[in-house]
Amino acid sequence: MSSYSITAARVTHPRAVRGHGSPAAFVAAVTGRRILDVRRRGKALLLLLDSGDSLLVRLGMSGRLQVHAPDDPLIPHTHVVLALDAGTELRFIDPRTFGGMAVVTGHDPAFMRELGHYGPEPLDDAFTPAVLAEILAGLRTNIQAVLMDQSKIAGIGKIYADEACFLAGISPLRSAGSLSPDEVTRLHAAIRQVLAHSIEVRGTSSKDAAYRDSGGEVGGFQHHLHVYQRAGLPCRVCGTPIEYRPIQGRRMHFCPHCQK
DNA sequence: AATGGGGCCTGAGAGC
DNA sequence: TGCTCTCAGGCCCCAT
């Protein structure tokens with residue numbers, strides 16, 4: 001696989017690089033750098049630079065990273081443009097500006113201040129039911145909140161927390177520490193299943209987030225959702241209306257019949 | 001250490 | 001039709 005160099009960079013919204021410091025410092029840190037490799041840790045994307053640093057990208061709620069020709073019109077809310085020596089541009093587009101970019105020290109996320117505290121990758125072989133049981137043991141917080149806590153397990157947001165609880169047949173209202181060994185095993189399998197399935201169909205493009213891949217294509221997992229954004233609609237398994245309740249500041253989707 | 005709450009941000013959708 | 005209000009959620013910061 002060929003690698004690309006960043007020949008020029010421009011930042012048109014300072015908030016998009018707030019994790020780094022100033023836009024000028026960001027531009028200086030990426031200009032002229034070769035991208036050696038691309039990795040992922042949780043919801044963070046890492047472009048490994050030949051300076052020994054990494055370009056960390058977080059998409060947040062509404063962020064997109066897209067490849068464009070230089071003369072393509074700018075999509076509204078394009079905040080960072082990286083010109084590549086391939087003659088293309090890597091553009092960061094983010095209406096809600098919850099995402100951002102930063103140049104961070106090193107190539108190994110385990111030693112990064114930003115990612116070092118992250119929990120295990122749920123699709124790794126090392127993530128076993130026993131590991132999950134240890135993470136959940138003694139926690140009084142509800143399961144949904146624990147699944148969304150990046151320091152417990154990396155990479156799960158609200159969509160996949162709600163969907164994993166459904167597939168496991170466990171109410172997201174339950175405290176994490178109250179799960180039986182059998183329920184932990186089911187939740188472990190459900191987390192992996194929902195993530196693997198969503199990756200297979202290239203992610204979830206729900207109505208307001210409008211996720212797109214680097215080519216601008218939408219994903220397909222929104223057609224496979226069981227509970228997320230299905231409030232009031234019949235459960236696909238039993239027909240009971242899906243509930244949608246605010247609990248402790250967060251809203252959870254679940255089937256009151258299938259999830260105990 | 002664990003836990004909960006507030007704030008950031010824009011577009012979609014509801015209500016009038 | 002057009003205004004105002006509410007909500008969505010990832011992640012950081014702060015208080016307890």
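Ile159(A) comes within 4.0 angstrom of nothing in the nucleic acid, heavy atoms only.
Nearest to the side-chain atoms of Arg96(A) among the listed nucleotides dG10(C), dT10(B), dG4(B) stands dT10(B). You'll find that the side chain of Arg251(A) is closest to dC7(C), out of dT10(B), dT3(B), dC7(C). Listed nucleotides: dT3(B), dC11(C), dG10(C). Nearest to the side chain of Arg58(A): dC11(C).
In this structure, Leu115(A) atom CG and dC12(C) atom C1' are separated by 14 Å, rounded to whole Å. Atom CE of Met148(A) and atom P of dT3(B) are 16 Å apart (whole Å). Remark: P of dC13(C) and CZ of Arg113(A) are 8 Å apart, rounded to the nearest angstrom. Going from atom CZ of Arg18(A) over to atom P of dC8(B) covers 12 Å, rounded to whole Å. In this structure, CG of Leu45(A) is placed 17 Å from P of dG10(C), rounded to the nearest angstrom. Counting to the nearest Å, the P atom of dG9(C) and the CD atom of Gln150(A) are 15 Å from each other. Rounded to an integer number of Å, the gap from Met61(A) CE to dC11(C) P is 11 Å. Between the C1' atom of dG5(B) and the CG atom of Asn142(A) lies a distance of 14 Å, rounded to the nearest Å.
Residue Phe98(A) and nucleotide dC11(C) are not classified as a stacked aromatic pair, given the requirement of ring centres less than 5.5 Å apart at an interplanar angle below 30°.
With hydrogens and angles disregarded, a donor-acceptor distance shorter than 3.5 Å links the side chain of Ser205(A) to the backbone of Tyr211(A). When atom types are taken as modelled, the side chain of Ser54(A) and the backbone of Leu56(A) share no donor-acceptor pair closer than 3.5 angstrom.
In this structure, His77(A) reaches the dG11(B) phosphate: one of its side-chain N or O atoms is under 4.0 Å from OP1 or OP2. Listed pair Arg15(A) / dC9(B) meets the phosphate criterion, a side-chain N or O lying under 4.0 Å from OP1 or OP2.
For the residue pair Thr97(A) and Arg15(A), a side-chain donor N or O sits within less than 3.5 Å of a side-chain acceptor on the partner. Side chains of Asp94(A) and His79(A): no donor on one and acceptor on the other come within 3.5 Å.
Side-chain contact between Phe254(A) and Asp162(A) is absent, with no heavy-atom pair separated by less than 4.5 Å.
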